[in-house]
Amino acid sequence: MGTASITVRVLFFGAARDAAGHDETDVALKSPANTDSARTQILSQYPDLQRFGNSLLFAVNQEYAQPEREIHDGDELALFPPVSGGSEVAQTSVCEPQSQDFFELTTNPIDVGAIARRIVLPECGATVTLDGYAREWTKGRRTLYLVYEAYAPMALSEMKRLGVHAHEKFDIAHIGIVHRTGRLEIGETSVVISVSAPHRRAAFEACAWAIRELKRTVPIWKKEVFEDGEIWVEGEGATTINP
């Protein structure tokens, strides 16, 4: 009698995609399977992924997965290096955001003022808006342009979770986050976070907290393209690509 197996769809992002040589593929896993056993089997099939060590992150059906998470036939697995700000990510649940909050990905240029005005309401005394944009120089190397890549459905889910937690932690009225993907020229806006609150201190604190959490948990990756090469920016170091 043969060994039972299940088939899952595996997605690769960022430097992990470069290492695997695939955007996505179907993989037959031995059953029963969990995240830990799936990791072992997939890394044996794609040994170049082993260079990421324990920093390689897994998601199952668009949620960060602990090692014991069961995997079933037809599940979607995603493998990716740490996002730009960190790699220690706990499994979390997503609650419903406030009705006037918004969380979006776009490939179009972002109008920062228009984003801020979406949460300027009569009951609020302050709106704080962060405008993150592509800089030209990084540690003495000249950047030509940036490329942002997102695991879109999971990124939106994580942004909504972040918004819910912002309301729990701070006395704010509304929060909006818009992140751009694709190629960005120097000086173009990559992310806008706008927070409105009855008082300015809560708005400042929530905005600062939100950008830290976004860089830590939301699956969006940045590639810097320099005059002399490229690099994926990751939370625990980076993987260089030769020009």
Side-chain angles (χ1 to χ4, degrees), residues 11-20 23-24 57 59 62 78-87 89 101-119 127-163 175-195 207-243:
L11 312 180
F12 302 95
F13 292 94
R17 182 188 62 244
D18 294 343
D23 291 320
E24 57 184 77
L57 300 177
Q62 302 166 17
L79 283 72
F80 43 82
V83 296
S84 61
S87 62
V89 181
D101 292 351
F102 55 91
F103 309 94
E104 300 167 3
L105 297 172
T106 181
T107 57
N108 297 319
I110 298 175
D111 184 333
V112 179
I115 299 301
R117 287 191 293 273
R118 290 170 66 178
I119 57 170
T127 297
V128 172
T129 300
L130 180 145
D131 173 8
Y133 51 86
R135 63 176 178 264
E136 186 173 7
W137 294 91
T138 301
K139 297 180 179 179
R141 299 177 76 184
R142 182 169 179 260
T143 301
L144 301 180
Y145 61 90
L146 304 179
V147 177
Y148 280 90
E149 176 183 353
Y151 182 13
M154 185 175 173
L156 291 170
S157 178
E158 284 292 309
M159 283 195 274
K160 291 176 183 177
R161 180 193 62 80
L162 187 156
I175 180 171
I177 304 175
V178 179
H179 205 299
R180 190 167 167 193
T181 59
R183 174 169 170 158
L184 274 73
E185 305 302 329
I186 301 304
E188 289 191 305
T189 294
S190 58
V191 61
V192 173
I193 299 177
S194 196
V195 179
C207 195
W209 174 86
I211 188 62
R212 288 195 303 269
E213 287 298 293
L214 183 146
K215 286 180 170 292
R216 189 178 72 88
T217 68
V218 177
I220 297 174
W221 301 272
K222 177 175 70 175
K223 180 191 285 186
E224 294 198 51
V225 180
F226 302 105
E227 292 178 306
D228 58 351
E230 310 177 335
I231 191 169
W232 284 104
V233 179
E234 302 164 14
E236 297 294 321
T239 301
T240 301
I241 304 170
N242 294 326

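Computed from heavy atoms alone, side chains included, the values below leave out hydrogens, waters and symmetry copies.
Considering every non-hydrogen atom in both Thr129 and Ala116, the closest pair reads OG1-CB, 3.4 Å. In terms of heavy-atom proximity, Glu158 sits nearest to Pro219 at CG-CD, 4.0 Å. The two residues Phe80 and Ala16 come nearest to each other via the heavy atoms CA-CB, 4.1 Å. Across all their heavy atoms, Ile220 and Ala150 have their closest contact at CG1-CB, 3.8 Å. Pairing each heavy atom of Ile175 with each of Ala210, the nearest pair is CD1-CB, 4.1 Å. Scanning all heavy atoms of the two residues, the minimum distance from Arg142 to Leu144 falls at NH1-CD2, 3.5 Å.
Between Glu224 and Lys139, no side-chain nitrogen of the basic residue sits less than 4.0 Å from a carboxylate oxygen of the acidic one, so the salt-bridge criterion is not met. Salt bridge Glu185/Arg183: present, at least one basic N to carboxylate O contact under 4.0 Å. For Glu149 and Arg17, the salt-bridge test passes: some basic side-chain N is under 4.0 Å from an acidic carboxylate O.
Between the side chain of Ser157 and the backbone N or O of Pro153 there is no donor-acceptor pair closer than 3.5 Å. Looking at Asp101, its side chain never comes within 3.5 Å of a backbone N or O of Gly176 through a donor-acceptor pair. Side chain of Thr189 to main chain of Val191: no donor-acceptor pair is present (N/O by atom type, distance under 3.5 Å, no hydrogens or angles). The backbone N or O of Ser190 lies less than 3.5 Å from a partner atom in the side chain of His179, making a donor-acceptor pair.
Atom OH of Tyr151 and atom CZ of Phe12 lie 12.0 Å apart (nearest 0.5 Å). From Ile186, atom CD1 reaches atom OH of Tyr133 across 11.5 Å, with rounding to the nearest 0.5 Å. In this structure, NZ in Lys223 is found 13.5 Å from OG1 in Thr143, a value given to the nearest 0.5 Å.
Side chains of Arg117 and Ser194: no donor on one and acceptor on the other come within 3.5 Å.
Side-chain contact between Ile177 and Leu214: present, with at least one pair of heavy atoms (C-beta onward) separated by less than 4.5 Å. Within the 4.5 Å cutoff, the side chain of Leu162 has heavy atoms near those of the Trp209 side chain. Taking the side chain as every heavy atom from C-beta outward, Thr181 and Thr106 never approach each other to under 4.5 Å. Looking at heavy atoms from C-beta onward, Lys222 lies in side-chain contact with Val233 at the 4.5 angstrom threshold. Within the 4.5 Å cutoff, no side-chain heavy atoms of Pro82 are placed close to those of Arg216.
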Step-by-step side chain to side chain contact (heavy atoms under 4.5 Å, CB included) determination, Phe103 to Val178: CA-CA 6 Å; Phe103 309 94; Val178 179; over 6 Å; no
Working for side chain to side chain contact (heavy atoms under 4.5 Å, CB included), residues Arg180 and Glu188: CA-CA 10 Å; Arg180 190 167 167 193; Glu188 289 191 305; 3.4 Å; yes
Pair Leu79-Leu57, side chain to side chain contact (heavy atoms under 4.5 Å, CB included): steps then yes or no: CA-CA 6 Å; Leu79 283 72; Leu57 300 177; over 6 Å; no
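When ring centroids are compared, Trp221 and Tyr148 stay outside the 6.0 Å threshold.
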